[in-house]
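Notes to accompany the following structure.
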Amino acid sequence: MGETFRTDSRQMLGRLRAIMAEEGGGQTRLDRITRLIAEEMHAEVCSIYLFRDETTLELCATEGLRAESVHLTRLRLGEGLVGRVARSGKVINTDDAPAAPGFRYMPETGEEAYSSFVGVPIQRLGEKLGVLVAQSKKPRLFSEDEVYALEVVAMVLAEMTELGAFTGESAAMKARHIRPVMFKGTSAQEGTAQGHVWLHEPRVVVTNPIAEDPARELERLHEAVEVLRVGVERMLSSAKDGDKDQLDVLETYRMFANSKGWMRRMEANIDSGLSAEAAVEKEQSAARARMTQVADAYLRERLHDLDDLSNRLLRILTGQGRETGAEMPADPILVARNIGPAELLDYGRGLRGIVLEEGAVGSHASIVARALAIPLVINAERITTEALNGDFILVDGDQGIVHLRADDSVTSAFRDKMAMQAQAQERYASIRDKPAETLCGTRIRLKMNAGLMADLPSLENSGAEGVGLFRTELQFLTRSHMPKRAELSALYARVMDAAKGRRVVFRTLDIGSDKVLSYMKPTDEPNPAMGWRAVRVALEKPGVMRMQLQALIRGAKGRPLSVMFPFVAQHQEFRAARAEMDKALERERILGHPVPSEIEVGAMLETPSLAFAPDAFFEEVDFLSIGGNDLKQFFFAADRENERVRRRYDTLDVSYLNFLEGIVYRCATLGTRLSFCGEDAGRPIEATCLAALGFRTLSMRPASIGPVKSLLRRTDLGELRTILHEERARGTHSLRAAAMDYLRSKL
Ligand code: PEP
Ligand code: MG
C-alpha cells in the first residue's frame with residue numbers, strides 16, 4: 001500500500017501499435033496485448049473478456065490467470081465483478097476484490113490469489129464489446145492515471161474488436177453483417193413494410209485509433225473543430241434569414257463547438273496517445289454514458305445535441321458519413337438510434353418504415369410517425385450496429401418485430417401477411433363510400449384523428465365523416481420556437497378548407513406529460529402524466545391559450561368552429577376555459593373580425609373524475625369526447641408509457657366497460673353529445689363493443705376506418721349487447737372472448 005505506479009498510456013499505445021503490426025493471428029495478438037498491459041500496469045494479471053453473445057462474456061486472453069481457462073471461463077452479464085463492469089459500463093477499482101459485492105470465485109482461473117482488481121468496459125459509443133481487467137496480489141487501488149490509461153487501451157481494443165482484428169481477416173465483422181438478425185422491439189405505429197435500410201446517421205469507422213504523431217493529431221483536431229465552427233456559423237446565419245425553427249438547436253451547437261471543456265478533454269485524449277478521431281469518440285462515449293443516467297428530459301436533449309456535434313466532427317475528420325455517395329433506396333426503411341420530429345418530417349411520407357434503437361411510444365418522433373401512418377418499431381436494441389445501408393429489412397409494426405437480412409422462409413411468411421393486409425385494404429376501399437351501418441340498422445359516425453396538414457387527404461381516402469380530434473400540439477412540438485398566431489390561423493384555415501365543410505374538432509394545446517416543448521422552461525415533476533399539463537397549463541398561463549383561441553377563430557373565417565379542451569378534470573376547469581373562449585370571441589367582435597357562424601365548445605373526458613361531475617357540467621358542454629388513452633391509464637392506474645403495465649388491463653374488462661356504460665347513460669339522459677377518440681376506437685373488436693355500449697361517434701386513425709367499418713357492417717349490435725350482458729351476468733371478467741366468438745361468427 002502507499003506505493004504508486006506511473007503508467008504512461010502513450011508509451012503503452014505505442015507498444016500496442018507495434019503488436020498490431022506484427023505477424024500473427026488474432027489470438028497471438030490478444031495474448032501479446034495482455035502481456036504488455038500487465039507489464040505496463042505493474043500487475044500480475046491482465047485479462048480480456050469479450051462478448052460471445054449478447055449476455056455471455058468469455059475470457060479470450062490472459063496473462064497471469066491459468067492458461068487452460070482461456071475460452072472456457074464464461075460469465076453472464078452482471079455475474080461477478082467482470083459481469084458487473086460489463087452491465088453497468090462503469091469502472092470497478094477495488095483493493096479487496098473477494099470482499100467486493102458481486103465477487104464470484106472461478107476456481108479454473110486461480111484468481112483467488114489476487115486482491116486488487118480494476119475492470120474497465122470495452123465499449124464503442126455505448127455498444128458493449130467486453131471488459132479489460134488488471135489484477136494484482138498486493139492490495140492496492142489502481143491510480144486515476146492507471147485507470148485512465150486502461151480506459152484508453154480499452155477504447156483502442158474496442159475499435160480493433162470492431163474491425164475484427166482479433167478474429168482474423170475481419171471475418172467476424174463480415175459474418176456479423178451478413179447473417180439474418182431478428183429484433184424484438186416495441187410497436188409504436190402499426191403496419192407492415194419491406195424495404196432497404198437507410199441509416200439516418202451511418203456509422204463512422206475509425207481505422208487508426210492510435211496516433212503516431214500527437215502534435216499532428218492535435219493539429220487535425222483543431223482544423224476539424226474550426227471547420228465545424230464555420231459550418232455551425234453558416235447554418236446559423238442562414239437560419240437567421242429564413243428557417244428560424246433550428247435556431248435554438250444551432251445556438252446550442254455553437255455553445256458546444258466553442259466549449260473549452262470539450263476541447264480540453266479531447267486534447268487530453270490525444271495527449272494520452274489516441275488519434276484525433278479516437279479522441280473525439282472517447283469523449284463521445286463518455287457523453288453517451290452520461291446521457292443514459294440523466295433523468296431530466298431537457299438535459300438529455302442537450303446531450304443529444306452534443307452527440308450530434310461529435311458525429312459531425314467525426315465525419316469531418318474521417319471524410320465518412322452521410323455524404324458517402326450512397327443513394328437512398330427506392331423503398332427506404334429509416335434506421336436510427338433516435339430522430340427528432342422535425343428531421344422525420346423532412347423525410348416525410350417517402351419512408352416505408354422506421355426502426356429506432358431508442359424512442360418511446362409517446363415521443364415526438366412516434367407522434368409524427370403515427371401522424372404520417374408509417375410503421376414504426378422502437379427499442380430495437382443494437383439495430384444501428386447490425387444494419388448496413390441497403391440491407392434488406394422487414395418491419396412488422398403490429399408485433400414490434402424487425403427482420404434484418406431475413407432468410408427466404410421468413411420473407412415469404414412476411415409477404416403472405418402483407419398480401420393478406422393488401423387484400424383487406426381492397427375490401428375496405430370497396431366500402432369507402434358506404435355508411436358504417438350495422439346489420440340492425442344503426443348508423444355509427446366514423447371520424448378520423450389528425451394533427452398535420454398532411455393528414456387531410458386521408459379524409460377523402462378513408463371515407464371519414466370529419467375530423468373528430470385534431471391534435472394541435474404537433475405544430476408546437478415540431479418547432480424550436482413558439483408558433484406565431486398568424487402562422488397558426490393560416491394553418492387552421494387551410495385545415496378547414498381541406499375538410500370542405502366537414503367538421504373538424506380542434507383540441508387546444510395538450511402539452512405537458514410526455515409532450516415537452518423545447519422552448520418552454522422544463523418543469524421537473526415527479527409524475528408528469530398527472531402533473532402540470534394540458535388545460536391546467538392553459539388556465540394558469542393563459543397567454544398561449546388566448547393566442548391559440550384567437551388563431552382558431554380567425555382561421556374559421558366565419559365558418560362553424562368546434563373546439564375542445566383536453567384533460568378537463570372538473571366542471572370549474574371547463575367553465576374557466578369556456579370563459580376564455582367567450583372573451584376571445586368578444587375581443588374579435590370588438591376588433592371587427594368575423595366570428596364563427598356557429599361555435600361548439602366541448603371537453604375531453606380523460607380523467608375518471610369528470611364522469612362523476614354534476615349534471616350541470618353535462619348540460620353545459622356542447623359535447624364530450626372520451627380520450628380513452630388517458631382515461632384508461634387513470635382508470636386502471638397503469639401508465640400508458642410503461643411497457644411493463646400498459647397492456648396489462650384489457651379494454652374489454654368488465655369494470656372498464658361498466659364505467660364507460662355509465663358515461664353513455666349519463667350523456668343520454670342529460671342530452672350530451674358523446675364520442676370516443678382514443679386508440680381503442682380504431683381497433684375493430686373494441687370499436688364494435690363500444691358501439692354496442694351505445695357510442696355513436698368514434699374517431700380513429702384514418703387507416704382504421706376501413707377495418708372498423710367492415711366489422712360494424714357485419715354486426716348486429718342488439719345481439720352483441722345481449723351476449724355482453726349475459727357474460728357480465730355470469731361474472732366473466734373480460735368480455736373479449738365472448739365478443740370475439742360472436743364477431744368471428746360474422747366474418
Ligand atoms: C387520449 O388520451 O385518448 C387522446 C385521444 O389524447 P392523446 O392520446 O393525445 O393524449
Ligand atoms: Mg389524452
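Numbers here simply count residues along the sequence, with the first being 1. One-based numbering, in listed order, for ligands and for the atoms of each.
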Ring centre gap for Phe659 and Phe635 strictly below 6.0 Å:
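Phe659 vs Phe635: aromatic centres under 6.0 Å.
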Are side-chain heavy atoms of Lys557 and Met496 found at a separation under 4.5 Å?
no
Might you confirm whether atom NZ of Lys746 has over 12 heavy atoms from other residues, nucleotides or ligands at distances under 6.0 Å?
yes
So does His725 have more than 12 non-hydrogen atoms from other groups sitting under 6.0 Å from NE2?
yes
Measure from NZ or CZ of Arg536 to the centre of the six-membered ring of Phe567, then state whether that distance is under 6.0 Å and the direction lies within 45° of the axis.
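No, a cation-pi geometry is absent between Arg536 and Phe567.
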Is any N, O or S atom of Asp630 under 2.8 Å away from the Mg ion (ligand 2)?
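So Asp630 counts as coordinating the Mg ion (ligand 2), yes.
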For ligand 1, what are the residues with a heavy-atom contact below 4.0 Å?
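Ligand 1 is contacted, at a heavy-atom distance under 4.0 Å, by Leu469, Arg471, Arg507, Asp510, Lys515, Met604, Glu606, Gly627, Gly628, Asn629, Asp630, Arg640, Cys677, Gly678.
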If you consider just the N/O/S atoms, which atom of Glu606 is the closest one to the Mg ion (ligand 2)?
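Of all N, O or S atoms belonging to Glu606, OE2 is the one nearest the Mg ion (ligand 2).
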Pairing donors with acceptors under 3.5 angstrom, does anything connect the side chains of Thr715 and Thr438?
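Side-chain D/A pair, Thr715 to Thr438: absent.
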Pairing donors with acceptors under 3.5 angstrom, does anything connect the side chains of Gln421 and Thr192?
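Result is yes, a qualifying pair exists.
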